[in-house]
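Take a look at the structure set out below.
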Amino acid sequence: MTDIHQLAQALYEAQEQRRPIPPLTQTHALSVEDAYQIQRVNIERRVGGGDSIVGYKVGLTSKPMQRQLGVGEPDFGHLLQSMAFRHGEVVAYPLIQPKVEAEIAFVLREALAGPGLTEADVLRATEYVVPAIEVIDSRIADWKIQLADTVADNASSGCFVVGDGGVDPRTLNLATLGGVLYVNGEVAETGAGAAVLGHPARSVAWLANKLGELGTTLHRGAVVLSGAISAAVPVRTGDRVEVSFGRLGRVSVRVGE
Amino acid sequence: MSELLHTLAEHVYTHQRSAEEMDKLTIEHPELTVDDAYEIQRLALELYHKAGDPLIGWKMGLTSKAKQRSVGVDEPIFGRLTRSMELHEGVLPLAGLIHPRVEPEMAFVIKRRLEGLVTPRDVWAATECVMPALEVIDSRYRNFSFTLVDVVADNASSARFLLADQAYSPYHTAWDEVGVVMRQNGDVVQTGAGAAILGHPVRSVVQLVHMLSRHGLAVEPGMVILAGGITEAVHVHPGDTLEIDFDGLGTLRLAVTEA
């Protein structure tokens, strides 16, 4: 299993040097478990370097994305403090081939220890929901990813921005809540919460249950990016990105160097 | 030219009525312009009118930047809605259709004449109500494949439409923020929000009135306007059930039947 550390190192360097690498799956027969181990190695390395885990992102939450990668369930990645940017800021993060997504973020009031959790448990444990922009990125050249590639690469996370404010999730219907993704003032994508596994809280429940299987508790105060409500949109340096979720509010960011 | 346009209008009308596929008009007549295509559309409508099927409104197409780019244009297109196209219950018989697709829409019902260089406030002042809606589009061209000229001549692929029972004041909500979820046989197949229509559906009505003015036309009181698709259109098959939820505004249901 020396491969795990070697592949983790390759991904780590790819990000630091902003130089993408060929798909890991091109040369290695990786299981999904191997891939999560690679992800874990790099997260622990960053935490060892002074970073901290602030939450998680859930990926592959739409049927089209699952079909594209030939999988039947989502995947997850870790959100680190160094990946978090503030509403209105310029994102200065080592990105390679970024795309942006509109998401509903959950901030937890109580820890969630799976398995066996439902949407209702998630809604009860949520302090508030808030609009978020996820900047996804891939350390794999040209996004030519298989499931194991993206899982190893922290579920293709880049960085993220959560809006100000926040709303009790029980005061609105998150399934029909509409979201609009604007790039440089033009509507790029629209969607609604149901694009995320039928209901975004289902995505958070899946995550808590998955983490439970792996012996981890979704901690109190965690931020969870529940999944994209539309297709991801490629962005370039200087682009202004804004996400509006009606009564939930707005969040905006500019893509930096 | 005028004789050719009449002939083509009859050709298009016949295929719309018989639900038989046809070749693109531009294969045999590459010289046709967009203005010619709108004239074909108008002449075909006269045939509907003669057959006792009057104009009751308008539809807008290519109302998203993505669709405009895919056809290589920078403005939407319009089509004509006749009385026979309106469904009165949530059942869609496939008889009379070729390869139909369904998309969620927002409909404006107009109470005062709209013409000329109107603004959004003119449109609001002239709007009786806004209603959740769905449109069934169906190109008469083989493989749903066409150029801009072809699709305009084919009445912007208009086929059927259904309006919700409940109507809303134009000031009821922010229409660009209304989320829409379309389920097909229980599975979420499309989601979107009103902003998918030119940033805000009212802009589509403004644009329609501007375009009609160039043709010397106006939106008359009582007419319905389908402002544009909120998501991609989905293919439907006999036995399908579609459910379209409009955030806080209700659900439209459509059962697809053979005949």
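Source: prediction; values computed, not measured. Below, chains carry the letters A, B, ... as their sequence lines are ordered, and counting in each starts from 1.
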### Query
Salt bridge check: are B:R160 and B:E89 linked by an N-O gap of less than 4.0 Å?
no

### B:F78 ring center within less than 6.0 Å of B:H215 ring center
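B:H215 vs B:F78: aromatic centres under 6.0 Å.
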
### Task
Check step by step if side-chain contact (heavy atoms from CB on, under 4.5 Å) holds for A:Y93 and A:F160.
CA-CA 10 Å; A:Y93 194 81; A:F160 69 99; over 6 Å; no

Can you tell me if [X] and [Y] form a side-chain donor-acceptor pair at under 3.5 Å?
X	Y	answer
A:S156	A:D153	no
A:T176	B:D245	no
B:D240	B:Q184	yes

### Message
Counting only non-hydrogen atoms closer than 4.5 Å, does B:A195 touch chain A with its backbone (N, CA, C, O), its side chain (CB onward), both, or neither?
### Response
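Both backbone and side chain of B:A195 come within 4.5 Å of chain A.
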
Name the region of [X], side chain, backbone, both or neither, that has any atom closer than 4.5 Å to a heavy atom of chain B.
X	value
A:Y182	side chain
A:S244	side chain
A:E186	side chain
A:I229	backbone

### Message
Looking at chain B, which one of A:A194, A:G179, A:A188, A:S230 has the largest number of heavy-atom pairs inside 4.5 Å, strictly under?
### Response
A:A194

### Query
Under a 4.5 Å heavy-atom cutoff, which of A:G191, A:G178, A:G246, A:G198 has the most pairs with chain B?
A:G191

### Task
Pick whichever of B:G248, B:G199, B:G194, B:A193 has the most heavy-atom pairs under 4.5 Å with chain A.
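Going by pairs under 4.5 Å, I would pick B:A193.
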
